[in-house]
Amino acid sequence: MSAISYRTFRNGDPPRILRLWHQCELGRGAARPVSTEAFELINYAQPYFDPAGLILAEREREVVGFVHAGFGFTDDRSAIDPHVGVICVVMVRPDQRRQGIGRELVRRAEDYLRSRGARTIQAGESRQVDPFYYGLYGGSRPSGFLDSNPLAAPFFTALGYVPHMTIGVYQRDLTIKRDPTNMRLVGLRRSTELEIAEAPLQPTFWWYCHMGRIDTLRFRLVDKKSRVPVAAVTVMGLDHYLPVWNERAVGLVDIFVTEGSRGQGFGQTLLIETVRRLRQELITRAEIHVPDSHQFLTKAVLGAGFSRLETGTVYRAP
C-alpha cells in the first residue's frame, strides 16, 4: 500500500472534498448538497478563507481525508479573532481509518492554528467560533460534534482533548398544530406582534459572512405601543438537509431577547409566534440549538413545544 501524502487546498479540490463528504456518512447532522456550490458559498468564498487551513490527505492521488481549521470572531463580531482557533471538520474515508491519518491531520491543523497566533484550540464549532460549514453540518448551526456522529468522541478523547461545552439540539414537528398557551402568553401575545425583516437592525461582519450568504429572514417581536423590539430570531432555510430529513425544515438561530425583557416569557412568545407563521409557509420542522449553560433560553425553547433530539460537544485541546 502506498504512503499517505499531505498538502493544502487547491482550486481543483472542491469536487473531491464533496465526494469524500458523502462517502464518510456523518449522520443526520451532515447535509447532502448535490453540488460544490454550497461549499463554495459557505466556505471557500469567505473573505477569511485560508487555503493553508484546509489540509488534505492523499493516497495514490485519491483524497482519503481532510481537516479544516479556522478562527473565531471578536466579541462584537466585527472581525476574526486569531487567538481562538477551531478545528471545524476532520474526516477520513471509512476504508482508510485506524491508520493514523486523522491524528496526523489534526496535528497539522494545530500547527497551522498556532502559527497564526491561536492561544486556545477547540474541536467543534460554537457560537462566535464558527467560521465555516454554516448550514452544512450540525443542522441549524455548527454545534460541536453531534452524538449522531459517534466516532468523534473517542477520536478526540484519544488525542487528549476534553469536553468543554455541550449544546442541546431541539426540534419541533410543525405539523402538530397544538401550541403551548397560558394566561401570561395570552397577555404577551396581545401586547406584541411579529415583524419580518431581511436583516438585523445592525448587521455585523459575522452576519454578512453567514446569514448574508444564505436564504434568511429576521423575525422580530415588537411592543405594539412603543414599536420597540423585545426579542428577535433569524430563520434560515435548510434545503441541503432535504435528502437527509425528507421534509421541509428551517433553523432558528441567533435568538436574542433584550436585557430588560428576559425571564418574562418574550423568548417563548417569539418562538411560538414564529412557529405559527412558518406553519403557514408549509414548513414541517424547526430546529434550534441552545448551549446547556443557557438555562433561561432552554426553558423558553422547551416551553415553546420543542423537544431535545441530541447533543453536540465542543472539545478543548490540552
Side-chain angles (χ1 to χ4, degrees), residues 29 72-73 75-77 84 86 120 122-130 134 138-148 152-153 161-174 176 178-189 191-192 194 200 206 210 218-223 228-236 250-276 278 285-316:
F73 292 80
D75 290 341
D76 62 1
R77 300 187 179 190
V84 182
V86 55
T120 63
Q122 69 181 51
E125 299 181 75
S126 59
R127 189 176 184 272
Q128 292 194 197
V129 190
D130 50 5
Y134 227 91
S140 61
R141 68 181 307 151
S143 293
F145 292 96
L146 301 178
D147 290 345
S148 53
Y161 282 69
V162 296
H164 171 64
M165 177 193 308
T166 54
I167 302 165
V169 177
Y170 299 85
Q171 287 192 352
R172 181 168 176 193
D173 182 353
L174 303 195
I176 299 176
R178 186 173 60 255
D179 295 317
T181 187
N182 56 45
M183 292 303 297
R184 183 176 70 167
L185 293 177
V186 170
L188 291 176
R189 189 182 184 192
S191 64
T192 61
L194 202 64
W206 177 93
H210 291 74
R218 188 71 171 170
F219 284 46
R220 291 197 288 264
L221 191 70
V222 301
D223 182 87
V228 174
V230 293
V233 67
T234 294
V235 177
M236 59 179 285
V250 297
L252 307 181
V253 299
D254 210 22
I255 186 170
F256 176 76
V257 179
T258 58
E259 188 171 352
S261 303
R262 293 171 188 169
Q264 301 176 39
F266 287 106
Q268 184 181 1
T269 301
L270 168 69
L271 292 173
I272 293 173
E273 294 305 306
T274 298
V275 162
R276 286 178 173 146
L278 293 172
R285 187 164 298 274
E287 180 177 284
I288 187 170
H289 295 195
V290 183
D292 286 331
S293 59
H294 292 197
Q295 297 180 5
F296 284 112
L297 182 53
T298 299
K299 184 179 179 180
V301 168
L302 292 173
F306 286 76
S307 299
R308 187 163 184 146
L309 181 66
E310 64 171 322
T311 300
T313 303
V314 176
Y315 301 86
R316 178 69 64 84

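Taking each heavy atom of Ile176 and Arg172 in turn, the nearest pair found is O-NH2, 3.8 Å. Residue Gly267 comes nearest to Ala300 through the heavy atom pair C-CB, 4.3 Å, listed as atom of the first residue, atom of the second, then distance. Closest approach of Pro180 and Gly305 over heavy atoms only: CG-N, 3.8 Å. Taking every heavy atom of both residues into account, Ala231 and Val257 meet most closely at CB-CG2, 3.9 Å.
In this structure, the side chain of Glu310 engages the main chain of Ser148 through a donor-acceptor pair within 3.5 Å. Within the 3.5 Å criterion, the main-chain N or O of Asp173 finds no donor-acceptor partner in the side chain of Gln171. Using modelled atom types, no side-chain atom of Glu125 and backbone atom of Pro142 make a donor-acceptor pair closer than 3.5 Å.
The structure places OG1 of Thr313 at 12.0 Å from NE2 of His164, a figure rounded to the nearest 0.5 Å. The line from CD of Glu287 to OH of Tyr170 is 11.5 Å long, rounded to the nearest 0.5 Å. Taking CG of Leu297 as the reference point, atom CG of Leu271 lies at 7.5 Å (rounded to 0.5 Å). If you take OG1 on Thr192 and CG on Leu270, they are separated by 9.0 Å, rounding to the nearest 0.5 Å. We find the CG-CD1 distance between Leu309 and Ile288 to be 14.0 Å, quoted to the nearest 0.5 Å. Residue Ile167 holds its CD1 atom at 8.5 Å from NE2 of His289, rounded to the nearest 0.5 Å.
Between Tyr315 and Phe145, the ring planes lie tilted relative to each other; the angle falls in the 30° to 60° range.
Between Arg189 and Arg276, the closest side-chain pair of non-hydrogen atoms falls below 4.5 Å. Taking 4.5 Å as the limit, some side-chain heavy atom of Arg184 sits within range of a side-chain heavy atom of Gln268.
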- Query: Does the pair Arg220 and Arg218 meet the rule for a side-chain contact (heavy atoms from CB on, under 4.5 Å), with working shown?
  - Reply: CA-CA 6 Å; Arg220 291 197 288 264; Arg218 188 71 171 170; 4.3 Å; yes

- Take Phe219 and Leu252 through the side-chain contact (heavy atoms from CB on, under 4.5 Å) test and state the conclusion after the steps. CA-CA 10 Å; Phe219 284 46; Leu252 307 181; over 6 Å; no

- Message: Determine whether Val228 and Val222 satisfy the following criterion, side-chain contact (heavy atoms from CB on, under 4.5 Å), listing intermediate values before the conclusion.
- Response: CA-CA 5 Å; Val228 174; Val222 301; over 6 Å; no

- Task: Just do the side-chain contact (heavy atoms from CB on, under 4.5 Å) check on Val253 and Tyr134 with the steps written out, would you?
- Result: CA-CA 11 Å; Val253 299; Tyr134 227 91; 4.2 Å; yes

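Within the structure, side chain to side chain donor-acceptor pair (under 3.5 Å) contacts touching residues 253-264 (residues at least two apart or in different chains) are Arg77-Asp254, Thr258-Ser261.
Surrounding CG of Asp75 are at most 12 heavy atoms belonging to other residues, nucleotides or ligands under 6.0 Å away.
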